[in-house]
Amino acid sequence: QLQLVESGGGLVQPGGSLRLSCVVSGSTSTLDGYAIGWFRQVSGKEREGVSCISLSTGTSYYIRSVKDRFTISRDNAKNTVYLQMNNLKPEDTAVYYCAASWHTVQQMCAITDYIDYWGEGTLVTVSS
């Protein structure tokens, strides 16, 4: 069983940057078998995968709309996954959720049903 706690959301102007953090807790052996990802949801719309990373290998995946702007990374010593978000756009405004899955990073980012654990979310607002 894993617990996920997100932080780092806030209000930022278009073109600005934020870094989200997801602290993952649980059995080390269990944790190493998971991929961790970031999803986002706008009110009235479906939740979508943004970026996911394998804790064991560091293999990562990004949706096309954020590639070259966002960077996902993990610090296994701190049991933390980060999402560095640069050149933010109003379309990035959403509640961002950390998630954990036994599936591959591409699969977990594409299929919400593959998620085993969810964090409670952190709000990112991009507005002038």
> Where do Asn87 and Phe70 land on the side chain to side chain contact (heavy atoms under 4.5 Å, CB included) test, with the steps shown first?
Replying inline: CA-CA 8 Å; Asn87 191 25; Phe70 292 7; over 6 Å; no
>> Donor-acceptor pair, distance only, cut-off 3.5 Å: does the side chain of Arg74 make one with the backbone of Leu55?
In response: yes
>> Which heavy atom of Gln1 sits nearest to which heavy atom of Tyr117, and what is that distance?
In response: CA-OH, 3.2 Å
>> Show me the pairs that pass salt bridge (charged side-chain N to carboxylate O under 4.0 Å, His left out) and involve residues 1-13, at least two apart or across chains.
In response: none
> Would you say Ile115 and Phe39 make side-chain contact, with heavy atoms under 4.5 Å?
Replying inline: yes
> Hey, are the side chains of Leu83 and Ser51 touching, using non-hydrogen atoms and a 4.5 Å cut-off?
Replying inline: yes
> Between Tyr82 and Thr80, does a side chain to side chain contact (heavy atoms under 4.5 Å, CB included) hold up when you go through it step by step?
Replying inline: CA-CA 7 Å; Tyr82 304 97; Thr80 302; 3.5 Å; yes
> What distance do Thr71 atom OG1 and Arg19 atom CZ have between them, rounded to the nearest 0.5 Å?
Replying inline: 12.0 Å
> Are Tyr97 and Trp38 close enough that their ring centers fall under 6.0 Å?
Replying inline: no
Report all side-chain donor-acceptor pairs from residues 121-128 shorter than 3.5 Å, counting only partners two or more places apart or in another chain.
unit_1 : atom_1 : unit_2 : atom_2 : d
Thr122 : OG1    : Gly9   : N      : 3.1

> With side chains defined as the heavy atoms from C-beta onward, is the minimum distance between Ile111 and His103 less than 4.5 Å?
Replying inline: no
>> Does anything in residues 49-73 form a salt bridge (charged side-chain N to carboxylate O under 4.0 Å, His left out)? List the pairs, not counting sequence neighbours.
In response: Arg69-Asp92
> Does Thr59 reach the side chain of Ile53, with side-chain heavy atoms less than 4.5 Å apart?
Replying inline: no
> Side chains of Cys52 and Met108: does their closest heavy-atom pair fall under 4.5 Å?
Replying inline: yes
>> Holding to side-chain hydrogen bond (donor to acceptor under 3.5 Å, both in side chains), I want the full list of residues that pass it with Ser54, two or more places apart in sequence or in another chain.
In response: Ser56, Thr57
>> With rounding to the nearest 0.5 angstrom, report the SG to CD distance, Cys98 to Glu120.
In response: 12.0 Å
>> Under 4.5 Å between side-chain heavy atoms, counting indirect links through other Ile/Leu/Val/Met/Phe/Trp/Tyr residues: same cluster for Tyr96 and Leu2 or not?
In response: yes
> Are side-chain N/O atoms of Asn86 and Ser17 paired as donor and acceptor at under 3.5 Å?
Replying inline: yes
> Considering only heavy atoms from C-beta outward, does the side chain of Val24 approach that of Tyr34 to under 4.5 Å?
Replying inline: no
>> For Tyr114 and Trp102: C-alpha separation, side-chain torsions, deciding distance, then whether ring pair (Phe, Tyr, Trp, His ring centres under 6.0 Å) applies.
In response: CA-CA 8 Å; Tyr114 285 176; Trp102 277 110; over 10 Å; no
>> Once salt bridge (charged side-chain N to carboxylate O under 4.0 Å, His left out) is applied, what residue pairs with a partner in residues 104-119 remain, sequence neighbours excluded?
In response: none
> Which atoms form the tightest heavy-atom contact between Tyr62 and Ile72, and what is the distance?
Replying inline: OH-N, 2.8 Å
> In the single-linkage hydrophobic clustering (I, L, V, M, F, W, Y; side-chain heavy atoms under 4.5 Å), do Leu31 and Trp118 co-cluster?
Replying inline: no
Kindly list each side-chain donor-acceptor pair under 3.5 angstrom involving residues 42-50, sequence neighbours excluded, with atom names and distances?
unit_1 : atom_1 : unit_2 : atom_2 : d
Arg47  : NE     : Gln41  : OE1    : 3.2
Arg47  : NH2    : Gln41  : OE1    : 3.1
Glu48  : OE2    : Arg40  : NE     : 2.9
Glu48  : OE2    : Arg40  : NH2    : 3.3

